[in-house]
S.K.: 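Got a structure here, written out as structure tokens. Questions coming.
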Amino acid sequence: MARFTLPRDLYHGKGSLEELKNLTGSKAIVVVGGGSMKRFGFLDRAVSYLKEAGMDVQLFENVEPDPSVETVMKGAKMMQEFGPDWIVAMGGGSPIDAAKAMWAFYEYPETTFEDLITPFSFPTLRTKARFCAIPSTSGTATEVTAFSVITDYNKGIKYPLADFNITPDVAIVDPDLAETMPKKLTAHTGMDAMTHAIEAYVSTLHCDYTDPLALHAIKMIHNDLKKSYDGDMDARDRMHNAQCLAGMAFSNALLGIVHSMAHKTGAAYSGGHIVHGCANAMYLPGVIQYNAKNEEAALRYAEIADFIGLDGASTEEKVAALVAEIKAMNDMLDIPKCIKDYEGGIIDEKEFMDKLPAVAELAIGDACTGSNPRIPTQDEMEKLLKACYYGEDINF
Ligand code: FE
């Protein structure tokens, strides 16, 4: 038995934000990030649509990137006092992720993060509120997924929450919001979405329901990401849908070790964070080479290559063509080839090598490793990470 879960309603297309007018309820809390939604006028519009729907509205503003346990608890407390029957989360991945966790603590004030981190063990939500998610970036697709990541800065731990209870009820995928993204964010979030779709397609949990979503997302991202990066707003609009399709696929098929490696290298080094989408983009070619030693995975990568019209007579040639194509996309998007070149070399070589065994062990233990087509040994994971540091091809 397997389960496939998506939001009940998904509104998409330019101007779809207006659908907030048609939510039925009496009180809504709007959870937003640091200010771009306010600056561009989307927050005001959302609030006035909700008021038009006859609701009292409160705001929870300034959710930080990589939202903290404290922010989640503050928001949950505000919800307990206000008693909303709609939680409307708007912005990049962070405010939506934070609001998902707030939702759980609003409905179950006595629960703890430790209770929630066991995957798919959430208590039943929707006893107090329903959830509407409105993304402003085109990458995480948290508006349609069962996932949220919350950081405990005191303990230095990231809590990856996973449960279909936190899959939103309503997603509003309005491309007007994504048109505000700066260029670099467009590249990084776009390659994050590409990684979601490719990892979902080769995941051991992929199925007939996730495959078409993943393949179509890959084709769209392949066609439109570069154009979107260059400022073509029609392509930007299509990318907003493409990332959402990728999200529908990976929320149900899960991911693989590109994400395991990105999660564990992201905040491991003193020189600075390696941005999630950029890390995925850099690691994806090598991981494809590694996974393709698994015959079944190789066939699926070859299917992807066929689907996007790459050349190649044999499975091997098609896999190589896909790897080359991802590298070419990265080049066009000004994404560095390897960790060594990241942001002018901020990740120190010696520190990287010193931490290699520990980071590799953590990456193997990451929640995304279990659905990867090949499970790496400690030695293999260290070699993979090292190859990603220097930008070398993988042939083991
Ligand atoms: Fe991701």
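Whatever order the structure lists them in is the order used to number ligands and atoms, beginning at 1. These numbers were taken from a predicted model, which means no experiment stands behind them.
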S.K.: For F105 together with F113, are the ring centres under 6.0 Å from each other?
M.R.: yes
S.K.: Measure from the Fe ion (ligand 1) to every N/O/S atom of H276 and report the name of the nearest one.
M.R.: NE2
S.K.: Determine whether the side chains of Y153 and E70 contain a donor N or O and an acceptor N or O closer than 3.5 Å.
M.R.: no
S.K.: Restricting to N, O or S atoms, which atom of H259 is closest to the Fe ion (ligand 1)?
M.R.: NE2
S.K.: Of all the N, O or S atoms in D192, which one sits nearest to the Fe ion (ligand 1)?
M.R.: OD1
S.K.: Once the angle between the rings of F250 and H196 is folded into 0 to 90°, is it parallel (under 30°), tilted (30 to 60°) or perpendicular (over 60°)?
M.R.: tilted
S.K.: Quick one: sort the H276 and H263 rings into parallel, tilted or perpendicular, breaks at 30° and 60°.
M.R.: parallel
